[in-house]
Amino acid sequence: MLDLKFIRANIDLVRQAITNKNEKADLDALLEADEARRSLQHDFDTLKARQNKVSQEIAKAKKAGEDAGEMLAEMAEVAEQIKEINANLSQANARLEEQQLRVPNVPHPSVPVGFNEEANRVVREWGAKREFSFEPLDHLELAEKNGLLDLPRGAKLSGSGFPVYTGAGAALERGLINFMLDMHIRDHGYTEVAVPILVNRKSMTGTGQLPKLEEDMYHIDQDDLFLIPTAEVPVTNLHAEEILKPDQLPLKYVAYTPCFRREAGSYGKDTRGLQRLHQFNKVEMVRFVEPEASYTALDEMLGEAEAILRALGLHYRVLELCTGDLSFASAKTYDIEVWAPGTGKYLEVSSVSNFEDFQARRAGIRKKDPQGKPYFVHTLNGSGLATPRLFIALLESCQTPSGGFELPDALKGHLPPGMGLTP
RNA sequence: GGAGAGGUGACCGAGCUGGCUGAAGGUGCACGCCUGCUAAGCGUGUGUGGGUCUAAAGCCCACCGAGGGUUCGAAUCCCUCCCUCUCCGCCA
């Protein structure tokens, strides 16, 4: 959420941001609602002041045994007016909030303007596409050969996009999660948290998934709870409505959670195997930092996500997303795409974003400056990493001519022995 | 799910026979004073958001879990919901 004062003072900038991000927020409606609200608020305050004052006089008069009939009559009327204005004010506030929640974050000036992935900039590449002396199989064929997945049975249980991992496949999935968690905890200084994967509406609004993405999420009607699309939601909201202690920043959390996405409207796109799922596992890093430190933190987190792929020896490239590809809440985002030689594509395994104070303002995450004035902190998050596409790239990259695998040493200690995958 | 108790400022805790309570008292914290050091002591200050104002000060409005209601006036009375604790039931 943007500061109303900021919006008022930077209307053109915000309008441009909406356009560049392909959003549909109605700034005029917002400004109008703001105007109405402020006018009503003023009337309300004036009447309230009058009421408070006279009410005290009534109390005094009664105490002195004087007649307060005239004042009472006036106040009956004032109370009536207040009630009416208050009703209008509530409406105006609701209307304003509705508009305000739909205004996206403003992209950082360094973000390339563009409306599709062609405008994304490749920042760097690491490693090289692996060359094979044989025709590499894709992950589905490899999984089949080695009994790592049972997608048909997943579909039987829940529908397509709900994978079943079997045997060594399940062990590898679990091993990858542990490997990544351990690395972020041990090498990158994160604190692990295990959080709910069902959250309420307020949390979803705090990080910016709501109101825009309601259709993309699984919702439990009975309790009005949502299955999280990313651990970003519960982890960032950990400190919602808090004023952090002076020495509390930076905060660095890492969490493993399953993630759920309805992927409404993307049927038939990249659906082969594990490429696009309704349920998947992800290790997510979240940081709360001082405003002036957030872009340094963004670079660090990107490096921490990359470190996973480097440790696994997987070729990848880093993309700087253009305005049109930025998420609603993000000011700047890097994507990491890993090379999957069997599939023959780069697959997105990580997204690292700086939200600046956008989420903090929505969720009420603040800290006090030395003078004691509260300000909003900056929040960031980054996948580190999402497993399905990592699983794909790993299998396809590490396959041997016989259809087996030679997995990287880094996974030693994270795979149970005798699973056919041990390096 | 049933019965009961309760949700007040950073924390503890009064207020809850409606008005002078944004909220006593204490702790903590900050600054100042005092003090061989430490400890103790004294003084002052110490919520958030909005508005008014060139700015500060000042003044005004809102907020005592959330939302409604009663009333001229509610932290205080009534209703609904949420949460916490205790007991019972049920179940991984």
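Sequence lines set the chain letters: A, B, ... in the order given, protein chains first and strands last, and positions in each chain run from 1.
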>> Quick check on Arg153(A): does its CZ atom have over 12 non-hydrogen neighbours (other residues, nucleotides or ligands) under 6.0 Å away?
In response: no
>> Is it the case that over 12 heavy atoms from other parts of the model lie below 6.0 angstrom from the CD atom of Glu32(A)?
In response: no
> Given rU70(B), is OP1 or OP2 found less than 4.0 Å from the side-chain N or O atoms of Lys83(A)?
Replying inline: yes
>> Does Glu97(A) have more than 12 heavy atoms from other residues, nucleotides or ligands lying within 6.0 Å of its CD?
In response: no
> Please give, in whole Å, the distance from rU70(B) P to Asn86(A) CG?
Replying inline: 12 Å
> What integer number of Å spans the P atoms of rA23(B) and rG9(B)?
Replying inline: 15 Å
> What distance, rounded to whole Å, do you find between the two C1' atoms, one in rC87(B) and one in rC77(B)?
Replying inline: 30 Å
> With rounding to whole Å, what would you report as the distance between rG26(B) and rC79(B) at their P atoms?
Replying inline: 36 Å
> Between Thr343(A) and Asp138(A), do the side chains contain an N or O donor and an N or O acceptor separated by less than 3.5 Å?
Replying inline: no
> In the 5'-to-3' direction, what one-character label does each nucleotide of nucleotides 51-61 of chain B receive under the scheme B = base within less than 4.0 Å of a protein heavy atom, S = sugar-phosphate only, - = no such atom?
Replying inline: S--------SS
>> Nearest whole Å is fine: how far is rG73(B) P from Leu47(A) CG?
In response: 12 Å
> Would one find more than 12 heavy atoms of other residues, nucleotides or ligands at under 6.0 Å from atom CD of Glu292(A)?
Replying inline: yes
> For the pair made of CZ in Arg362(A) and P in rG49(B), what is the distance, rounded to whole Å?
Replying inline: 19 Å
> More than 12 non-hydrogen atoms from neighbouring residues, nucleotides or ligands closer than 6.0 Å to CD on Glu84(A), yes or no?
Replying inline: no
> Roughly how far apart, to the nearest Å, are rG41(B) and rU27(B) at atom P?
Replying inline: 8 Å
> Take atom CD in Glu290(A); do more than 12 heavy atoms of anything else shown fall under 6.0 Å from it?
Replying inline: yes
> Could you state the CD-P distance from Glu35(A) to rG50(B), rounded to the nearest angstrom?
Replying inline: 17 Å
>> Can you measure Asp224(A) atom CG to rG67(B) atom P for me and round it to whole angstrom units?
In response: 17 Å
> Asp67(A) CG to rC72(B) P: how many Å, rounded?
Replying inline: 15 Å
>> Can you give me the closest heavy-atom contact between Ala61(A) and Met71(A), atom names plus distance?
In response: CB-CE, 4.0 Å
> When the P atoms of rU54(B) and rG43(B) are considered, how many whole Å apart are they?
Replying inline: 40 Å
>> Taking the cut-offs as 6.0 angstrom to the six-membered ring centre and 45 degrees off its axis, would you call Lys252(A) and Tyr190(A) a cation-pi pair?
In response: yes
> Looking only at atom P, what distance separates rG89(B) and rA3(B), rounded to whole Å?
Replying inline: 15 Å
> Is there a donor-acceptor contact under 3.5 Å from the side chain of Asn105(A) to the main chain of Ala329(A)?
Replying inline: yes
> When you compare rG18(B) with rG13(B), how far apart are their P atoms, in angstrom units rounded to a whole number?
Replying inline: 25 Å
>> Check the orientation of Tyr295(A) and His108(A). Use parallel for under 30°, tilted for 30 to 60°, and perpendicular for over 60°.
In response: tilted
Using the 3.5 Å cut-off, write out each protein N or O paired with an N or O of nucleotides 18-20 of chain B and the distance between them.
| residue | atom | partner | partner atom | Å |
| --- | --- | --- | --- | --- |
| rG19(B) | N2 | Ser55(A) | O | 3.1 |
| rC20(B) | N3 | Lys63(A) | NZ | 3.1 |
| rC20(B) | N4 | Lys63(A) | NZ | 3.1 |

>> Give me the distance, rounded to whole Å, that separates rG65(B) from rA75(B) when you measure between the P atoms they each carry.
In response: 10 Å
> Thr230(A) and Lys282(A): side-chain donor and acceptor closer than 3.5 Å?
Replying inline: yes
> So what stems show up for RNA chain B if we need 3 or more Watson-Crick or G-U pairs in a row, all under 3.5 Å?
Replying inline: B:1-7 with B:82-88, B:10-12 with B:25-27, B:28-33 with B:41-46, B:47-52 with B:58-63, B:65-69 with B:77-81
> Between Gln51(A) and Ile243(A), which has a closest nucleotide on RNA chain B that is more 5'?
Replying inline: Ile243(A)
>> From CG of Asn200(A) over to P of rC83(B), roughly how many Å is that when rounded to an integer?
In response: 10 Å
